[in-house]
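Single-structure report; data block below.
Keep in mind that what you see is a predicted model, and the values were worked out from it rather than measured.
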Protein chains: 2
Amino acid sequence: MPIQKITKEEILKKSIDVFRLKGYHNTSMQDLAEACGLMKGSFYHYFQSKEALMKELLVGVNTYLKVKIFSIAYDSSLQPKDKLEQMLKKMGRFLFEKDGGCIVGNTTLETSGLFYEFEPVLKNIFTEWIDAHKHIFEEAGKPSETALKLAQQSIMELEGAVMLTKLYGNRDLLIDAFNRTIQKLD
Amino acid sequence: MPIQKITKEEILKKSIDVFRLKGYHNTSMQDLAEACGLMKGSFYHYFQSKEALMKELLVGVNTYLKVKIFSIAYDSSLQPKDKLEQMLKKMGRFLFEKDGGCIVGNTTLETSGLFYEFEPVLKNIFTEWIDAHKHIFEEAGKPSETALKLAQQSIMELEGAVMLTKLYGNRDLLIDAFNRTIQKLD
DNA sequence: GTCTATAAAACGATAGAC
DNA sequence: GTCTATCGTTTTATAGAC
């Protein structure tokens, strides 16, 4: 029995870094293989196709965000402002951990309208993200409709900030966006 | 057989539609050729490479935006609010004319950090866009630093709105972002 | 004949898949 | 490793306009 050099989870983790840096179409199986220390053919023992790999990766990101970040919005031991601050702090780490910006935003712009395979999970991520912010704004006393608009606005501004941060290499733009999101609680 | 089927300008115009729909890497010379009614080899009569074609295309977009849209910010016959409304209205037409969202935002997320060839023109577009908004906010009485932040915030929110509009197919998100930009004048 | 826009064919490289 | 398809690109040929 051959030894297992790498687990499926480790492949997914390494692949995120490559995809967020190079994009979906511009990343080859060869690129992923090199990042994982595998022969490119070996990938097909773990995943049916490049598309299936990307889809599983996005589902994993969805789970991570839901469990580790969005869940903070529903933690009853925290005040609204603390919730928002903690969420944004963790989101900042998620975005800045490696170069390349936001894998969710990048993949959305690159594939939505083309690959119906990715759309459900991408929509789910943004919907849960918006819902989490909405919940906090409601808890802070905003009417439901207002809370929704503020939440949508926050997420749009963050994704736009990530875009300009990636282009200009200036993280202050994202910090500003974080601060404005917190000010929306008032 | 006619000696010229298409002009360089027409090629650029048709290519924008393909690139914004399919993205840069996922668009093949074959795709562009079909959109233009040419053989793919014939493209090299007009452009040195796919990269050179994209760069010229982006420079053309920059010129279009500068002349047709950003210039409104400096039209002395208009009030600040009218300027902003006209700019956003024209930007909306530019974004919704065809499917695929914003060619500038799409290309930024797909190529910045990878292709240094595109970065100068992409940066220039965003800088001129932000400057135009900043100018209007200053004219409306905002201090320079405040005007800059409001301008950056507006552009980030618009690009984020385009992203979610592309994903959800719901243009109301962009309309809301337009309206909030106008409200920032108060 | 010369010039030019296009077609046609073929190149080496690399893609995703097995 | 090996397949086949397709990528971006290059080269060659051809069809009109002068």
Separation of atom [atom1] in [X] from atom [atom2] in [N], rounded to whole Å:
X	N	atom1	atom2	answer
B:L32	D:dT6	CG	P	17 Å
B:F47	D:dT10	CZ	C1'	18 Å
B:M39	D:dA13	CE	P	19 Å
B:I11	C:dA5	CD1	P	11 Å
B:I3	D:dA15	CD1	C1'	8 Å

Inset, instruction - Identify whether any heavy atom of B:Y46 sits under 4.0 Å from a base atom; if not, whether one sits that close to sugar-phosphate; answer base, sugar-phosphate or nothing. - result: sugar-phosphate

Inset, instruction - Please indicate whether B:Q48 has more than 12 foreign heavy atoms, meaning atoms of other residues, nucleotides or ligands, lying under 6.0 Å from its CD. - result: no

Legend entry - Contacting residues from residues 13-23 of chain B, given that a heavy atom lies under 4.0 angstrom of DNA chain D: none

Inset, instruction - Answer yes or no on whether B:K89 is positioned over the face of B:F178, meaning its NZ or CZ is under 6.0 Å from the six-membered ring centre and within 45° of the axis. - result: no

Inset, instruction - May I ask you to decide if the ring planes of B:Y24 and B:F118 are parallel, tilted or perpendicular, using 30° and 60° as cut-offs? - result: perpendicular

Inset, instruction - Indicate the ring-plane relationship of A:H133 and A:W129, choosing parallel, tilted or perpendicular according to the 30° and 60° boundaries. - result: perpendicular

Legend entry - salt bridge (Lys or Arg N to Asp or Glu O under 4.0 Å) contacts in which one or both residues fall within residues 165-178 of chain A, not counting sequence neighbours: A:D176-B:K149

Could you run down the sub-3.5 Å N/O contacts of the protein with nucleotides 14-18 of chain C?
| residue | atom | partner | partner atom | Å |
| --- | --- | --- | --- | --- |
| C:dG16 | OP1 | A:T27 | O | 3.3 |
| C:dG16 | OP1 | A:K50 | NZ | 2.7 |
| C:dG16 | OP2 | A:M29 | N | 2.7 |
| C:dG16 | N7 | A:K40 | NZ | 3.4 |
| C:dG16 | O6 | A:K40 | NZ | 3.2 |
| C:dA17 | OP2 | A:Y44 | OH | 2.8 |
| C:dA17 | OP2 | A:K50 | N | 3.0 |

